[in-house]
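Working notes, structure below.
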Amino acid sequence: MSKYDSFTGGTSTPVTSREDDSLVATFRRMLLEEVDLHELSKVDDNQRRARLERVIAHLVSREGVILSASERNQLVRRVVDEAVGLGVLEPILNDPTISEIMINGHDQIYVERDGQLESWPAPFSGVEQLMQTIDRIVSTVNRRVDESSPMVDARLPADSRLPRGARVNVVLPPLSLNGPTVTIRLFPQALSLNQLIEKDALDRRTALLLKACVEARLNVVVSGGTGSGKTTLLNALSSFISPSERIITVEDAAELSLDQPHTIRLETRPANVEGRGQITIRDLVRNSLRMRPDRIIVGECRGGEALDMLQAMNTGHEGSLTTVHANSPDDALSRLETLASMSDVDVPFHALRDQVNSAIDVIVQLNRLSGGVRRVVDVSWVASRRQEDFSLVPLMEYAVDRSDPTRLRGHFVTHDLPARFRDRLLEGGVDVAAIEGDG
Ligand SMILES: Nc1ncnc2c1ncn2[C@@H]1O[C@H](COP(=O)(O)OP(=O)(O)O)[C@@H](O)[C@H]1O
Ligand SMILES: [Mg+2]
């Protein structure tokens with residue numbers, strides 16, 4: 001097996017050696033001597049790449065380096081990546097299973113795949129190479145990072161280099177003692193509800209039920225663990241909101257991509273170097289209420305903003321959507337109650353229960369299973385009212401096939417709709433018979 005073979009698969013684990021690095025560096029230097037990159041900045045990315053690849057292939061032949069065809073292609077690609085792309089980061093950016101990149105100085109990279117951290121075997125060759133990559137990243141958004149502004153937090157739009165878009169945070173020495181430190185959160189690819197059905201994340205009937213909930217303006221909470229697909233499902237559900245509505249999304253890192261024309265996206269801001277200027281989810285949720293929203297979508301409730309969200313849902317902003325980190329629908333309700341109690345407004349506990357019961361209509365529970373499968377395992381209606389103890393009625397449950405040792409196979413079981421829930425859908429103008437009739 002050639003040492004480059006592991007590069008060619010979709011999800012690659014690169015193998016590099018010192019000789020490769022020095023070859024890449026040599027040809028990169030030669031390339032920069034031969035072509036004026038500035039000149040090439042007028043053509044689009046693909047054309048620029050194609051031209052540079054031709055030049056390097058020519059240089060490699062001219063220098064008489066003996067390489068197999070795949071080694072040669074690999075070398076050409078790495079030189080171009082380093083000359084115009086994001087170098088060492090390119091293979092990571094092209095791996096759809098990676099959601100976060102953590103660079104701790106030039107010689108250590110970690111990536112997050114399916115919620116697990118793993119060390120990436122091919123870090124930068126030196127600080128200079130890392131700084132060059134950082135400059136290239138932040139300059140796309142006209143930002144600068146150097147000794148005078150050693151901390152940068154920027155949102156990168158999706159483009160040919162970053163097909164999914166990302167939020168990047170850079171901290172340089174002397175603030176960081178590890179050397180230049182970069183954290184890149186890659187936004188998940190948007191999946192439509194049909195694509196989720198194809199991936200067996202839910203069935204058609206459950207999809208129709210969720211569509212009905214959104215159309216009838218029920219308040220829906222998507223619950224699940226890290227990486228269980230909450231944001232992805234929230235995004236897919238939001239497609240059922242009418243394009244005539246004014247939607248405000250509030251997120252820590254704006255990952256949602258709604259198609260509706262009348263959408264306002266708000267994103268938090270961390271504190272600056274002096275520790276000032278922080279804008280939290282909570283600030284944004286409160287402010288969004290003054291912006292005449294028809295619907296508010298909060299990317300994730302994880303603090304005191306839960307109280308503002310619940311109050312908004314209870315005061316004329318029905319049809320709002322959010323996600324919460326919890327392991328079951330029951331857990332999601334008590335978690336919202338606890339989060340709301342973290343707010344600086346001192347609300348008695350029974351009043352918080354009242355808020356949750358009145359605000360939340362439906363909980364959609366997601367689960368991440370082995371092999372990268374994400375699935376809707378429960379859809380429950382909050383039947384309890386006012387200060388009653390929480391009571392949930394399952395509308396759909398995923399029943400695991402007991403004979404399957406992997407616990408992956410099973411089927412979606414839809415229950416009859418409770419009368420009071422059915423009435424809510426009817427009031428919301430939903431054709432309930434169509435959902436019930438669809439088997
Ligand atoms: N049903 C699904 N099947 C396969 N992959 C999925 C599914 N839903 C989401 N993903 C992927 O899983 C990763 C985590 O999804 P995300 O929605 O960000 O999760 P969460 O918001 O719960 O942390 C993303 O890479 C996303 O593209
Ligand atoms: Mg998320």
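Note that ligands are numbered from 1 as they come in the structure, with each ligand's atoms numbered from 1 the same way. These figures come from a predicted structure and were not determined experimentally.
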Self-check item: Backbone or side-chain N/O/S of Thr231 under 2.8 Å of the Mg ion (ligand 2)
Solution: yes
Protein contact of [atom] - nearest heavy atom, named by residue and atom, plus distance:
| atom | result |
| --- | --- |
| atom 17 (O) of ligand 1 | Thr232 OG1, 2.5 Å |
| atom 18 (O) of ligand 1 | Pro188 CG, 3.7 Å |
| atom 6 (C) of ligand 1 | Arg374 CD, 3.6 Å |
| atom 23 (O) of ligand 1 | Gly227 N, 2.9 Å |
| atom 21 (O) of ligand 1 | Thr231 OG1, 2.7 Å |

Quiz item: Thr249 versus Ser288: any side-chain heavy-atom pair under 4.5 Å?
Solution: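 Result no, sub-4.5 Å side-chain heavy-atom pair not found.
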Practice problem: Determine whether Arg155 and Glu267 make a side-chain contact, defined as any pair of heavy atoms from C-beta on separated by less than 4.5 Å. | Solution: yes
Practice problem: Check each atom of ligand 1 against the heavy atoms of Gly225 and keep those under 4.0 Å away; list them by number with element. | Solution: 22 (O)
Quiz item: Which atoms from ligand 1 have a heavy atom of Ala201 less than 4.0 Å away?
Solution: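 So the atoms of ligand 1 that pass are 1 (N).
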Practice problem: Report the part of Lys199 in contact with ligand 1, treating N, CA, C, O as backbone and CB onward as side chain, heavy atoms under 4.0 Å; options are side chain, backbone, both, neither. | Solution: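 The side chain, only.
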Exercise. May I ask you to identify, for Thr97, whether its side chain, its backbone, both or neither come under 4.0 Å of ligand 1 on a heavy-atom basis?
Key: neither
Quiz item: Between the main-chain N or O of Met131 and the side-chain N or O of Arg136, is there a donor-acceptor pair closer than 3.5 Å?
Solution: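 No; judged by distance alone, with no hydrogens or angles, the pair does not exist.
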Quiz item: Between Ser149 and Val145, is there a donor-acceptor pair closer than 3.5 Å when you use the side chain of the first and the backbone of the second?
Solution: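 No, Ser149 side chain to Val145 backbone: no donor-acceptor pair under 3.5 Å.
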Quiz item: What's the shortest heavy-atom distance between Met313 and Asn219, and which atoms?
Solution: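 Between these two residues, the closest heavy atoms are CB-ND2, 3.4 Å.
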Practice problem: Please report the closest heavy-atom contact between Val80 and Arg49, naming both atoms and the distance. | Solution: CG1-NH1, 3.6 Å
Quiz item: ligand 1 and Ser228, any nitrogen or oxygen pair closer than 3.5 angstrom?
Solution: yes
Quiz item: Among Lys230, Arg375, Glu198, Arg185, which one has a heavy atom closest to atom 22 (O) of ligand 1?
Solution: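 Comparing heavy atoms across Lys230, Arg375, Glu198, Arg185, the nearest one to atom 22 (O) of ligand 1 lies in Lys230.
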Quiz item: For atom 8 (N) of ligand 1, which candidate among Ala190, Gly229, Gly224 holds the nearest heavy atom?
Solution: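 Checking each option, the heavy atom nearest atom 8 (N) of ligand 1 is found in Gly229.
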Quiz prompt | Distance, nearest 0.5 Å, that separates CD1 of Ile103 from OG of Ser176 | solution =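 It comes to 11.5 Å.
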Quiz item: Phe390: what forms a ring-ring contact (aromatic ring centres under 6.0 Å, His included) with it, not counting sequence neighbours?
Solution: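 If we apply the ring-ring contact (aromatic ring centres under 6.0 Å, His included) test to Phe390, skipping adjacent residues, there are no hits.
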Self-check item: Name of the residue among Arg386, Glu337, Glu388 meeting side chain to side chain contact (heavy atoms under 4.5 Å, CB included) with Arg353
Solution: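 When side chain to side chain contact (heavy atoms under 4.5 Å, CB included) is applied between Arg353 and each of Arg386, Glu337, Glu388, only Glu337 qualifies.
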